[in-house]
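Below is one structure; the comments refer to it alone.
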Amino acid sequence: MVKSLLLTVFCIIAYSILNAQNLESIGKEKPLSITGGISLNQIVYGVRGIESRRDPYSYYASGNINFSLYGWSCPLSFSISNQNTSFQQPFNQYSLHPTYKWITAHAGYTSMTFSPYTVNGHIFLGGGIDLAPEGKFKFSALYGRFLKAVEPNSDTTLQNVATPAFKRMGYGFKASYGDGSNFVDVITFHAQDEVNSIQFVPEDQGILPEENLVMSIAAGKSLFEHFLVKAEISASALSRDTRAAEADQDHPLAKAKFIYTPRISSSYYKAFKTSLNYQQDGYALGVAYERIDPQYRTLGSYYFNNDLESITANGAVAILQGKMNVAVSAGTQRDNLDKTKISTMRRAVGSINIGYTPTQKVNLGVSYSNFQTYTNIRSQFIDVNQLTPYDNLDTLNYTQISQNATVTAMYMFGKNENKRQTLNCNLTFQDAADKQGEVTQNSGTQFYNVNTAYALSIVPQNMMVSVSLNAALNKGADVSSKTLGPTVAVSKTFFEKKLRTTLSSSYNNTYTNSERVSTVLNGRVNGSISVQKKHNLNLSLVVVNRSSNREGSAQEFTEFTGTLGYSYSFGLR
């Protein structure tokens with residue numbers, strides 16, 4: 001039934017696409033244009049003092065090409081690498097996004113977003129389409145593989161053992177009516193694991209085949225010119241084990257048996273959010289309410305906050321003739337909505353963002369938030385010490401942030417047009433807990449990052465010199481670690497800016513509980529030359545020397561990485 005429905009929908013879409021071709025455009029539009037580019041990077045690696053930690057030779061290739069034929073636009077992109085990733089598979093992904101007028105299709109490894117409670121940025125292998133014709137009706141659909149089958153590995157001594165997973169297929173639809181702030185959205189999303197896609201999985205690993213059906217309706221309406229009200233309500237049906245027996249249940253989603261099978265392992269959840277905003281020239285006010293049931297989850301999103309009820313008020317204003325902008329949000333938040341926990345967390349939540357630009361030479365900013373969000377924390381030392389830009393292509397290690405504060409300041413000084421000087425300072429604080437899926441790995445950790453940099457640009461010589469000091473502090477319940485050190489860089493261009501060169505070096509020490517445990521000294525040389533604006537050659541040499549005071553680890557070792565890259569951009573019209 002579901003496959004027949006999908007086939008019917010996509011046949012209708014294909015028919016609409018074919019009939020959307022305007023034959024009158026032939027001869028008026030450019031008959032054919034092809035644009036795009038390709039790049040290939042070859043990486044050599046060597047190490048002294050320890051065993052090699054990566055292949056002595058690897059490559060990374062990427063490219064994009066866009067065909068345009070009588071108004072049709074068909075972009076294609078790809079990336080290929082022979083490096084092993086944390087998922088124990090090559091990083092090979094392709095996507096195709098053809099566009100014609102109000103029709104956009106997606107094919108390959110892609111992602112789509114319907115709403116925060118349904119489909120929200122999850123990468124899948126398959127196809128999708130967005131139809132946005134003139135008028136008030138819009139339609140989106142998707143179908144594809146959301147998880148690849150991963151067989152269990154009984155040899156736990158292997159490094160980077162992949163977590164077993166069932167093959168997960170999913171599809172979804174979104175229909176919208178309206179324009180601007182007056183709209184109605186109806187969303188349906190269904191995903192199900194294929195039980196026979198992998199062999200037997202030990203029960204102690206907690207890997208079970210799941211099925212999920214999510215339905216949502218959202219609406220917005222503008223009132224009296226200055227008011228805007230929005231609301232969304234979603235319901236999620238989740239079977240945690242599709243091998244369980246079927247059951248008759250009273251929930252409305254359980255009645256949709258043609259797309260979802262209710263079982264004794266099924267549970268039903270809902271999420272609701274509404275807001276009312278008032279806007280005038282120079283300021284805005286609003287209130288919002290959100291409630292998400294405990295254990296609410298959708299298989300169309302990687303991470304989700306649940307067991308949450310929040311009431312917030314917000315405001316924004318521009319003052320001092322527009323030089324200062326202030327946005328504030330404050331409210332309350334609580335969990336334990338179903339009263340099953342021993343204790344209930346209640347807290348005041350809020351955020352503030354202040355931007356102040358008193359002159360063209362000074363820019364100040366302050367922000368703070370204690371709303372829970374998910375992010376991928378990257379210390380600046382990850383970029384300072386990594387050997388190549390391709391080391392963390394597949395990283396999905398998200399961190400739950402409960403507090404986040406940032407202070408930024410920039411000052412440009414000096415009246416000499418031939419010498420431009422800039423001073424930057426950035427301070428970031430984050431209170432976080434590492435999470436992989438729904439499992440907390442390390443709670444109660446505070447991250448502090450400080451970066452101060454001075455840059456001097458000597459215009460006649462096309463040269464820039466920069467000096468920065470970086471510091472990172474991680475404080476946990478039983479251990480604290482910090483890393484700090486300077487970075488110096490000099491860049492210069494030659495031959496009418498066709499050749500760009502950079503020389504940089506950094507030195508940083510890492511301390512654990514005030515005891516120095518490692519030292520890293522690195523040097524980098526980068527050169528890039530452009531030929532006829534279409535060809536670009538680049539060379540990067542990196543030497544990293546690491547020494548350690550820890551027992552059982554190598555006292556000192558040196559790694560070398562050389563990257564030779566070529567890129568080509570083209571256009572045929």
Side-chain angles (χ1 to χ4, degrees), residues 113 115-117 120-121 180-183 218-232 271-292 303-305 308-334 346-378 398-412 424-432 446-451:
T113 296
S115 79
Y117 304 128
N120 190 17
S181 56
N182 300 302
F183 65 92
K221 177 66 177 176
S222 60
L223 303 170
F224 312 114
E225 295 184 359
H226 299 292
F227 288 91
L228 175 61
V229 60
K230 291 183 179 181
E232 180 180 0
F272 175 71
K273 184 176 184 179
T274 184
S275 63
L276 174 64
N277 293 283
Y278 175 79
Q279 187 167 358
Q280 272 283 10
D281 294 338
Y283 71 94
L285 300 171
V287 293
Y289 173 79
E290 183 177 24
R291 178 189 171 95
I292 307 173
Y303 297 95
F304 207 87
N305 289 322
L308 171 72
E309 183 182 57
S310 65
I311 303 173
T312 58
N314 57 80
V317 63
I319 57 177
L320 302 179
Q321 299 179 341
K323 294 181 179 180
M324 177 177 287
N325 293 278
V326 182
V328 180
S329 177
T332 63
Q333 189 177 87
R334 71 181 182 97
R346 297 178 184 271
R347 64 171 184 163
V349 295
S351 66
I352 181 170
N353 292 275
I354 301 175
Y356 181 46
T357 309
T359 68
Q360 293 182 347
K361 295 184 176 182
V362 179
N363 194 323
L364 305 173
V366 178
S367 66
Y368 171 81
S369 171
N370 67 344
F371 290 92
Q372 289 189 346
T373 59
Y374 287 100
T375 187
N376 188 350
I377 290 183
R378 284 179 61 89
Y398 280 74
T399 302
Q400 187 179 30
I401 301 296
S402 59
Q403 292 189 81
N404 185 86
T406 302
V407 178
T408 62
M410 183 188 71
Y411 176 56
M412 295 182 291
N424 285 279
C425 184
N426 299 279
L427 171 63
T428 301
F429 163 76
Q430 293 174 325
D431 191 0
Q446 290 81 44
F447 293 79
Y448 299 84
N449 287 280
V450 180
N451 172 259

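Computed from a predicted model, the values in this text were never measured in an experiment. For the numbers below, each heavy atom of this structure counts, side chains included, while hydrogens, waters and symmetry mates do not.
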Could you walk me through whether Phe429 and Tyr368 pass the side chain to side chain contact (heavy atoms under 4.5 Å, CB included) check?
CA-CA 9 Å; Phe429 163 76; Tyr368 171 81; 5.6 Å; no

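Put simply, NZ on Lys230 and CG on Leu276 are 12.0 Å apart, with the number rounded to the nearest 0.5 Å. Here CG of Asn451 is found 8.0 Å from CG of Asn424. Values are rounded to the nearest 0.5 Å. Between atom OG1 of residue Thr312 and atom CD of residue Glu290 there is a gap of 8.5 Å, rounded to the nearest 0.5 Å. Considering CG of Leu427 and CG of Asn449, their distance stands at 8.5 Å, rounded to 0.5 Å. The line from OG1 of Thr359 to CE of Met412 is 7.5 Å long, rounded to the nearest 0.5 Å. Rounding to the nearest 0.5 angstrom, the gap separating the OG atom in Ser275 from the CG atom in Leu228 is 6.5 Å.
Shortest non-hydrogen contact noted between Ala318 and Asn325 is CB-OD1, 3.5 Å. Pairing each heavy atom of Val229 with each of Leu223, the nearest pair is CG1-CD1, 4.3 Å. In terms of heavy-atom proximity, Gly286 sits nearest to Asn277 at CA-OD1, 3.5 Å. Residues Leu285 and Gly315 approach most closely at CD2-CA, 4.2 Å, considering heavy atoms.
Of the possible donor and acceptor atoms, one in the side chain of Thr113 sits under 3.5 Å from a partner among the backbone N and O of Gly121. Remark: the backbone N or O of Gly350 is paired with a side-chain donor or acceptor of Asn370 at under 3.5 angstrom. A distance-only check finds a donor-acceptor pair linking the side chain of Asn182 to the backbone of Ser222 [under 3.5 Å].
Sorted by first and then second residue, the salt bridge (charged side-chain N to carboxylate O under 4.0 Å, His left out) pairs with a member in residues 308-329 read Arg291-Glu309, Glu309-Arg334; sequence neighbours excluded.
With sequence neighbours excluded, no residue satisfies ring pair (Phe, Tyr, Trp, His ring centres under 6.0 Å) with Phe183. Considering only residues two or more places apart in sequence or on other chains, Thr274 meets the side chain to side chain donor-acceptor pair (under 3.5 Å) condition with none of them.
Within 6.0 Å of CD on Glu225 lie no more than 12 heavy atoms contributed by other residues, nucleotides or ligands.
Considering only heavy atoms from C-beta on, Thr428 stays 4.5 Å or farther from Phe447 through its side chain. The shortest distance between side-chain heavy atoms of Pro116 and Lys273 does not fall below 4.5 Å. Side-chain atoms of Arg346 and Thr332, non-hydrogen and from C-beta on, never get closer than 4.5 Å to each other.
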